Participant: 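Submitted below is the structure of interest, expressed as structure tokens.
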Amino acid sequence: MVELVGAGGIGKPRTSHIEAVDPLTVTDMMEQLQQGYMASVAATAGCTMELIGKDKWGVDAQLIRPPQTALEQETMVFAQLKCTTQTVPDPTKGFFSYQFSKRQYFDHMVKARSYPKAILIVMTAPPRQAEWTQVTHDGLWTRRCCYWAYLEGMEADSKVKKPSVRIPTKSS
């Protein structure tokens, strides 16, 4: 479901609420955190995650599951990766809202694709960068996690510059 969100005014920078190790690199570090998380999840699922070097079409990565035999075809899905520190999802509510920073990001996700399909993956992270991960003898723990949504075919009023979408927190 797409929620309509107005264009809004000029506000504070998107990262002003983050307690960063280095404010000049925090958005790059958010991207790196999500890429590492996604690569780990893909590896556990027996897939590869390959980053797309130039994000021209709303695609940051492709997830590929290898074929089971030499005669079968691999399965692939494109992914647009977004990381936010501005929400703490409540799994009991079933979803949280994510607002795109630009209309074009939304448009790339809702357009019809024959193959491969595309999904939006939103990672939520604490606003304090030092809390993103914790290392123990049992492993590396990542605070919060990623959620995904398939948005193809959704619509929003063309006047809405920053559409908002519902991201499910429960598997169906």
Side-chain angles (χ1 to χ4, degrees), residues 1-3 5 13-18 20-66 74-89 91 95-113 115-133 140-154 156 161-172:
M1 168 178 265
V2 175
E3 301 168 343
V5 176
R14 292 174 57 91
T15 59
S16 66
H17 69 286
I18 298 175
V21 173
D22 179 354
L24 297 176
T25 63
V26 70
T27 55
D28 290 335
M29 297 304 103
M30 290 172 72
E31 186 175 311
Q32 184 172 302
L33 176 70
Q34 186 177 23
Q35 289 171 354
Y37 180 98
M38 287 303 306
S40 297
V41 170
T44 301
C47 299
T48 62
M49 183 184 94
E50 299 185 16
L51 297 175
I52 306 294
K54 295 184 183 347
D55 181 6
K56 299 249 184 238
W57 303 278
V59 176
D60 296 307
Q62 54 188 357
L63 302 167
I64 304 168
R65 177 178 292 274
E74 65 282 337
T75 305
M76 182 171 53
V77 64
F78 286 148
Q80 183 178 98
L81 306 178
K82 299 294 181 190
C83 186
T84 182
T85 57
Q86 297 184 19
T87 188
V88 180
F95 70 90
F96 65 94
S97 293
Y98 174 76
Q99 184 178 25
F100 287 93
S101 60
K102 295 180 181 178
R103 174 66 191 228
Q104 72 186 46
Y105 298 150
F106 171 80
D107 290 342
H108 284 308
M109 295 309 304
V110 300
K111 68 183 171 189
R113 295 177 189 264
Y115 179 81
K117 296 297 188 178
I119 58 174
L120 171 66
I121 300 175
V122 178
M123 180 171 205
T124 63
R128 188 167 183 255
Q129 186 175 356
E131 295 175 356
W132 290 354
T133 59
L140 172 64
W141 302 95
T142 304
R143 294 288 190 264
R144 312 254 181 86
C145 64
C146 289
Y147 303 88
W148 68 275
Y150 177 67
L151 305 177
E152 185 175 312
M154 290 189 172
K161 293 182 181 180
K162 297 178 180 181
S164 193
V165 295
R166 288 183 174 185
I167 306 296
T169 56
K170 294 182 179 181
S171 53
S172 42

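Since the structure is predicted, the reported quantities are computational estimates derived from the model, not experimental observations.
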Participant: Taking CD in Gln32 as the centre, count heavy atoms belonging to other residues, nucleotides or ligands within less than 6.0 Å. Is the count above 12?
Facilitator: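 No, not enclosed.
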Participant: What is the minimum heavy-atom distance between Ile167 and Ala149, and which atoms define it?
Facilitator: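 Closest heavy-atom pair between Ile167 and Ala149: CD1-CB, 3.9 Å.
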Participant: Is the shortest heavy-atom distance from the side chain of Met109 to the side chain of Val165 under 4.5 Å?
Facilitator: no
Participant: Rounded to the nearest 0.5 Å, what's the gap from CZ on Phe100 to CG on Asp107? Could you check?
Facilitator: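 Interatomic distance, Phe100 CZ to Asp107 CG, rounded to 0.5 Å: 9.0 Å.
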Participant: Which heavy atom of Arg113 sits nearest a heavy atom of Pro116, and at what distance?
Facilitator: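 Scanning both residues, the minimum pair turns out to be CD-O, 3.5 Å.
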Participant: Would you call Gln34 and Ile121 a side-chain contact if the rule is heavy atoms closer than 4.5 Å?
Facilitator: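 Sidechains of Ile121 and Gln34: in contact.
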Participant: Enter the distance from Leu120:CG to Trp148:CH2 here, rounded to the nearest 0.5 Å.
Facilitator: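 It comes to 10.5 Å.
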Participant: Report yes or no: does Arg65 contribute a side-chain atom to a donor-acceptor pair with the main-chain N or O of Ala45 at less than 3.5 Å?
Facilitator: yes
Participant: When rounded to the nearest 0.5 angstrom, what distance separates CG in Asp60 from CG in Leu51?
Facilitator: 8.0 Å
Participant: With the side chain counted from C-beta on, respond yes when Arg144 and Pro126 share a heavy-atom pair under 4.5 Å apart, and no when they do not.
Facilitator: yes
Participant: Closest approach of Pro66 and Gly46, non-hydrogen atoms and distance?
Facilitator: CD-O, 3.2 Å
Participant: Any side-chain heavy-atom pair from Phe96 and Val88 closer than 4.5 angstrom?
Facilitator: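 SC-SC contact between Phe96 and Val88 ruled out.
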Participant: Could you state the interatomic distance from NE2 (His17) to CD (Gln86), rounded to the nearest 0.5 Å?
Facilitator: 4.5 Å
Participant: Is Met123 close to Thr142 at the side-chain level, that is, under 4.5 Å between some pair of heavy atoms?
Facilitator: yes
Participant: Please round to the nearest 0.5 Å and tell me the distance separating atom CE of Met38 and atom SG of Cys47.
Facilitator: 9.0 Å
Participant: Among Val26, Asp22, Leu33, find the one that has a side chain to side chain contact (heavy atoms under 4.5 Å, CB included) with Gln129.
Facilitator: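 Among Val26, Asp22, Leu33, the one meeting side chain to side chain contact (heavy atoms under 4.5 Å, CB included) with Gln129 is Val26.
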Participant: Does the gap between the ring centers of Tyr98 and Tyr147 come in under 6.0 Å?
Facilitator: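 No: the rings miss the under 6.0 Å criterion.
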Participant: Does a side-chain heavy-atom distance below 4.5 Å link Ser101 with Lys162?
Facilitator: no
Participant: Hey, could you give me the CH2/CE distance between Trp132 and Met30, rounded to the nearest 0.5 Å?
Facilitator: 5.5 Å
Participant: Could you check if a side-chain atom of Gln62 sits within less than 4.5 angstrom of a side-chain atom of Phe78, using non-hydrogen atoms only?
Facilitator: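 Heavy-atom side-chain distance check passes, below 4.5 Å.
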Participant: With a cut-off of 6.0 Å (strictly less than), are more than 12 heavy atoms of other residues, nucleotides or ligands near NZ of Lys111?
Facilitator: yes
Participant: Would you say that Met49 contacts Gln35 through its side chain, given a criterion of any heavy-atom pair below 4.5 Å between the two side chains?
Facilitator: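 Side-chain contact under 4.5 Å: yes.
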Participant: Within 45 degrees of the ring normal and closer than 6.0 Å to the centroid, is that where the cationic atom of Lys117 sits relative to Tyr150?
Facilitator: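 No, Lys117 does not sit over the ring of Tyr150.
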Participant: If you compare all heavy atoms of Ile18 against all heavy atoms of Pro127, which two are closest, and at what distance to 0.1 Å?
Facilitator: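 Nearest heavy atoms, Ile18 then Pro127: CG2-O, 3.1 Å.
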Participant: Do side-chain atoms of Glu74 reach the backbone of Ile64 as a donor and acceptor pair under 3.5 angstrom?
Facilitator: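 Checking the backbone N and O of Ile64 against the side chain of Glu74, no donor-acceptor pair under 3.5 Å is found.
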